[in-house]
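Side chains included, hydrogens not; waters and symmetry mates left out as well; all remaining heavy atoms used.
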Amino acid sequence: MKATGIVRRIDDLGRVVIPKEIRRTMRIREGDPLEIYTDKDGGVIFKKYSLMGGLSDFAAQMCETLHKTTGRVSAITDRDTCIAVAGTARRELADKRVSGELESIMEGRQIYQRSEEDSPLPICEENDKYQLEVAAPILSEGDVLGCVTFLSTPGDQPTGESEYKLAQAIAGFLGRHMES
C-alpha cells in the first residue's frame, strides 16, 4: 500500500470522506460503487468495483467473435480499463486505463464513429498507436458501464456501417445482460 499522509476521522454515522485529490487520481466519481476489503494487519482497503469486470471472460469471447467477423481489432472496456481485447493489440491494450476522450464518449452516451475529418482519438492513455473507429457505450438501467469499440492503426481502412451496427448491438446486449 502507498501512504498518502492524509488522515480523516469517521463521523457519528460511520462515514469517511475520500479526499478530492485521491478521487480525482483514481477516477472515483459520485455514485461509483466501492468494494471494501480488510487485510490481516488491520487495514481497510477501498477498491473501485466494476460490474463489467465480472464479465471479462464473456467479454473476451465477444471481442474474439467481433474480431473474427470483421477482421478488426475490438475491445470492450469498463469505465476505467480495457477488460477484453481481440486482435493484434491484445498485449498492448489489455488492462490499460482508457483515455479521457473515450471516457467523454461514454459520458455522452452516444455512439461514436470516426469520420475522415476527425482527428484520431486514442483508446488508452499510454498508447496512441490504436485509434477509436467506433465506440458504443454500454448502458444498463441508465448507468454507463463501459464501451464496445473497434480500433484501427494509421493506414487502416475506415470502418463502415456493419461495425457501427455490430458495436451498437453488442453494447445493447451487454447492457440488457447486466440488468438481469
Side-chain angles (χ1 to χ4, degrees), residues 1-64 66 74-86 89-90 93-112 121-127 132 134-151 167-180:
M1 269 190 292
K2 184 176 164 184
T4 63
I6 301 170
V7 176
R8 293 286 191 254
R9 294 197 183 278
I10 295 177
D11 71 9
D12 57 340
L13 296 176
R15 297 175 295 199
V16 63
V17 174
I18 299 171
K20 188 174 187 173
E21 307 82 46
I22 293 174
R23 292 193 317 263
R24 187 181 314 121
T25 302
M26 301 305 296
R27 292 183 174 179
I28 298 172
R29 300 176 260 325
E30 183 179 332
D32 280 355
L34 299 175
E35 282 185 282
I36 302 170
Y37 297 92
T38 57
D39 65 17
K40 60 183 177 226
D41 300 326
V44 178
I45 301 163
F46 290 92
K47 182 179 177 192
K48 282 184 73 171
Y49 177 72
S50 169
L51 288 169
M52 292 295 295
L55 288 181
S56 60
D57 291 340
F58 184 62
Q61 292 172 351
M62 291 292 246
C63 278
E64 200 59 45
L66 289 172
S74 62
I76 296 177
T77 72
D78 63 11
R79 287 180 53 155
D80 299 307
T81 59
C82 290
I83 61 169
V85 182
R90 181 177 290 138
L93 300 178
D95 299 321
K96 298 288 191 268
R97 188 177 283 245
V98 300
S99 67
E101 293 90 344
L102 180 54
E103 209 173 291
S104 295
I105 290 168
M106 285 189 268
E107 290 303 318
R109 299 166 189 259
Q110 297 295 316
I111 299 175
Y112 166 85
L121 301 177
I123 184 170
C124 292
E125 286 181 345
E126 302 111 21
N127 187 322
L132 288 168
V134 176
I138 300 167
L139 304 173
S140 178
E141 297 177 352
D143 294 328
V144 177
L145 301 182
C147 202
V148 176
T149 66
F150 283 104
L151 312 172
Q168 183 179 31
I170 297 300
F173 172 79
L174 288 171
R176 303 281 181 298
H177 182 74
M178 295 306 292
E179 289 173 2
S180 57

Locate the shortest heavy-atom distance separating Ile105 from Ala135; write the atom from each residue and the value. CG2-CB, 4.1 Å
Below 4.5 Å, heavy atoms only, C-beta onward: do Met106 and Thr77 meet side chain to side chain? yes
Quick check for you: to the nearest 0.5 Å, what is the distance between Leu93 atom CG and Ile123 atom CD1? 6.0 Å
Between SG on residue Cys82 and NZ on residue Lys96, distance to nearest 0.5 Å: 9.5 Å
Hey, is the main chain of Ala136 close enough, under 3.5 Å, to the side chain of Gln168 for a donor-acceptor pair? no
Could you check whether any side-chain heavy atom of Gln61 comes within less than 4.5 Å of a side-chain heavy atom of Glu64, counting everything from C-beta outward? no
I want to check something: taking the side chain as every heavy atom from C-beta on, are Leu121 and Leu102 in contact at a cut-off of under 4.5 Å? no
Going through the distances and angles, do Val98 and Thr81 end up as a side chain to side chain contact (heavy atoms under 4.5 Å, CB included)? CA-CA 5 Å; Val98 300; Thr81 59; 5.6 Å; no
Rounded to the nearest 0.5 Å, what separation is found between the CD1 atom of Ile111 and the SG atom of Cys147? 9.0 Å
Distance from Asp57 atom CG to Ile83 atom CD1, nearest 0.5 Å? 10.0 Å
For Ile138 and Ala171, work out which heavy atoms get closest and say how close. CG2-O, 3.8 Å
Is the backbone N or O of Asp41 less than 3.5 Å from a side-chain atom of Asp39, with the two atoms forming a donor-acceptor pair by type? yes
So, do Leu174 and Leu145 sit near enough that their side-chain heavy atoms are less than 4.5 Å apart? no
Nearest heavy atoms of Ala167 and Val134, plus distance in Å: CB-CG1, 3.6 Å
Rounded to the nearest 0.5 Å, what's the gap from OG1 on Thr38 to CD1 on Ile45? Could you check? 8.0 Å
Side chains of Leu132 and Leu151: does their closest heavy-atom pair fall under 4.5 Å? yes
Are side-chain heavy atoms of Glu103 and Glu125 found at a separation under 4.5 Å? no
Would you say Arg109 has more than 12 foreign heavy atoms packed within less than 6.0 Å of its CZ? yes
At their closest point, which heavy atom of Ser74 faces which heavy atom of Cys63, and how far apart are they? OG-O, 2.9 Å
Side-chain donor/acceptor of Arg8 to backbone N/O of Pro19, under 3.5 Å: no
Tell me if a side-chain donor or acceptor on Ser99 pairs with a main-chain N or O of Pro122 at a distance below 3.5 Å. yes
Determine the minimum heavy-atom distance between Arg29 and Glu107, stating which atoms define it. NE-OE2, 4.0 Å
Can you check whether Ile6 reaches Glu21 side chain to side chain, under 4.5 Å on heavy atoms? yes
Nearest-0.5 Å distance that lies between atom CZ in Arg97 and atom CZ in Arg79: 12.5 Å
